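Contents: one structure, followed by commentary.
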2 protein chains.
Amino acid sequence: MSDMADFIDTVWIRPSRGKRTGQPTLSREQIIRTAIEMLDADGAAGLSMRRLGSRLGSGATSLYWYVATKDDLLELAVDEVFGEVYVPDPDDTGWRVGASIFANQMRQMLLRHPWVIGQLGVRPNLGPNAMRMGERSVVLLEAGEFDGMALSHASSLLMSHAIGSATIESAFAASVKRSGATVAEMTERLEPYLDQVAADHPHYDKWRHANSVMTQQPEQIMADNFAFGLERLLDGLGAWLATKSA
Amino acid sequence: MSDMADFIDTVWIRPSRGKRTGQPTLSREQIIRTAIEMLDADGAAGLSMRRLGSRLGSGATSLYWYVATKDDLLELAVDEVFGEVYVPDPDDTGWRVGASIFANQMRQMLLRHPWVIGQLGVRPNLGPNAMRMGERSVVLLEAGEFDGMALSHASSLLMSHAIGSATIESAFAASVKRSGATVAEMTERLEPYLDQVAADHPHYDKWRHANSVMTQQPEQIMADNFAFGLERLLDGLGAWLATKSA
DNA sequence: ATCGATCTCGCACACTGTTCGACTGCCGGT
DNA sequence: ACCGGCAGTCGAACAGTGTGCGAGATCGAT
């Protein structure tokens, strides 16, 4: 078991030290919760052990009693927010509506906690909440008669769409937030640069036209973008099911 | 170095040490190139201005003449690798095959440079290569009769799939790389933990079964996973085009 | 010979994650 | 009542980070 820890470096297989009888002032849960608060507020760069410690009224190094490493803390935080993703029961919704709700839940979670996106590619997510989510998505798609490889491929496709879309959306949102300006101001300031780009790329006008509408309703347009892709993708999955059973 | 010049003052030393030929010893392009090399080798955490400087035979702060900030350097590096993405001309391939090639190119670029994934959500990509890629994908989809919002939605859908899939794949690849073991060894070491998880989640066996095959052919399975999703997605886009024109 | 512009870089600052050993207060056992 | 040990906290210290600043080097042009 401990050699396993040497091979796969992940929090979930290491024993937690936090359980005891008295009343310690800190707890792993509390640390994770406030870490998530700070990550939501300031992004991954805004979380330091010292800041987190003093936010909790403790010395920075006290945290290391509950958490082996900052990386572990991040892994724990990621799994914690995976717990926010609700995956419906196919008996309630059918596979297609359920899959749509699942993908939307995942997207919304990622937009609530944009720092998660930067963590997803770093290591596999084997935490209990991520596992639960994976299983429930499998249950969902089994109801749609997916099986074998297609089952895991379809599940992966839904997550990929949520992750990819949220990544793109979050890139835009982050630049708006960092600029400190409103969306309108930012796109306006970007205008001259885009003019210059458009001069070199004649076909770019169409894409730009679509984007310029974003000045007024960015959230709506991004939601539409996600929904459009999701519908095409579910159509494709449905069509595949149809030809398979034929 | 300069004390050596003081001691042995010969013509033979001076020109060799004096890199001065009217050209500066550093250049933005060179900095970006070696930064990408280091990022590919050690990931985002492995790049520091000091290490990059000494790799280039320069002081760390010399880099700041060419690059305002480390963040800027990362932005430049990201756009540089966007230049590796080849987007076909629809006259050569038709929109569907072209879109498939585009998505595959994007995926392969992201797998070659996994650190890019962690950068994508941080800020929008407005560099020249990213712009060129965006325009060429628009040209591609216009050939398929996409227009207006659907045009940008479809383009975004292709990129989302590549980004999302590459994120998931890269998570797995990163853990293999960090463990230092082979894929077989790693999945084997993971087995007991997954057994424990499967006990709590009855439906998980199916997903696990699919993953266990990964022990032998992980690259192939991940490629299949991407290709399956891409085909479903293109089917969905094709179907949408059909109903639109009807 | 002198002046700017271009370029390089050592030093310093504030900050990071993490280790180590010292410290407290509480527990059960004697 | 004592005491050993343990759960928990923390200050100091180390090696490393990004970057501002200003001093210097080297150049072509005057």
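Small disclaimer: the values here were computed from a predicted structure and weren't measured. Computation of the quantities below employed the complete heavy-atom set of this structure, encompassing side-chain atoms and omitting hydrogens, waters and symmetry-equivalent molecules.
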Short side-chain N/O contact to D:dT9 OP1/OP2 from A:Trp65, under 4.0 Å: no
Non-neighbouring partners of B:Glu37 that pass salt bridge (Lys or Arg N to Asp or Glu O under 4.0 Å), sequence neighbours left out: B:Arg55
Distances under 3.5 Å only, N/O to N/O: pair up the protein atoms with those of nucleotides 18-21 of chain D.
residue, atom, partner, partner atom, Å
D:dG18, OP1, B:Met49, N, 3.4
D:dG18, OP1, B:Lys70, NZ, 2.9
D:dG18, OP2, B:Met49, N, 2.9
D:dG18, N7, B:Arg50, NH2, 2.6
D:dG18, O6, B:Arg50, NH2, 2.7
D:dT19, OP1, B:Thr69, OG1, 2.5
D:dT19, OP2, B:Tyr64, OH, 2.8
D:dT19, OP2, B:Lys70, N, 2.7
D:dT19, O5', B:Tyr64, OH, 3.4

Check the distance between C:dC7's C1' and B:Leu56's CG and give it to me in whole angstrom. 15 Å
Those residues that, when tested against B:Thr167, pass side chain to side chain donor-acceptor pair (under 3.5 Å) (two or more places apart): none
Salt bridge (Lys or Arg N to Asp or Glu O under 4.0 Å) against A:Glu169, all qualifying residues, sequence neighbours excluded: A:Arg107
Check: residues 110-119 of chain B side-chain donor-acceptor pairs under 3.5 Å, at least two apart:
residue, atom, partner, partner atom, Å
B:Arg112, NE, B:Glu84, OE1, 3.1
B:Arg112, NH2, B:Glu84, OE1, 3.1
B:His113, ND1, B:Asp40, OD1, 2.7
B:His113, ND1, B:Asp40, OD2, 3.0
B:His113, NE2, B:Glu84, OE1, 3.0
B:His113, NE2, B:Glu84, OE2, 3.0
B:Trp115, NE1, B:Asp40, OD1, 2.6
B:Gln119, OE1, B:Arg123, NH2, 3.0

Compute the angle between the rotation axes at the two ends of the helix from C:dA1-D:dT30 to C:dT30-D:dA1, each taken over five pairs, rounded to 10 degrees. 20°
Are A:Ser62 and D:dC10 close enough that a side-chain N or O sits under 4.0 Å from OP1 or OP2? yes
A:Tyr86: partners by side chain to side chain contact (heavy atoms under 4.5 Å, CB included), with sequence neighbours left out: A:Pro88, A:Ile101, A:Gln105
Qualifying residues under salt bridge (Lys or Arg N to Asp or Glu O under 4.0 Å), relative to A:Arg51, sequence neighbours excluded: A:Asp42
Would you mind reading off the distance between B:Met38 atom CE and D:dT17 atom P, rounded to a whole angstrom? 9 Å
Mind checking the OH-OG spacing from A:Tyr66 to A:Ser58? Nearest 0.5 Å is all I need. 8.0 Å
By salt bridge (Lys or Arg N to Asp or Glu O under 4.0 Å), A:Arg178 pairs with (sequence neighbours left out) B:Asp71
Roughly, in whole Å, what's the span from CG in A:Leu73 to C1' in C:dT16? 15 Å
In whole angstroms, how far is the P atom of C:dG17 from the CG atom of A:Asp72? 14 Å
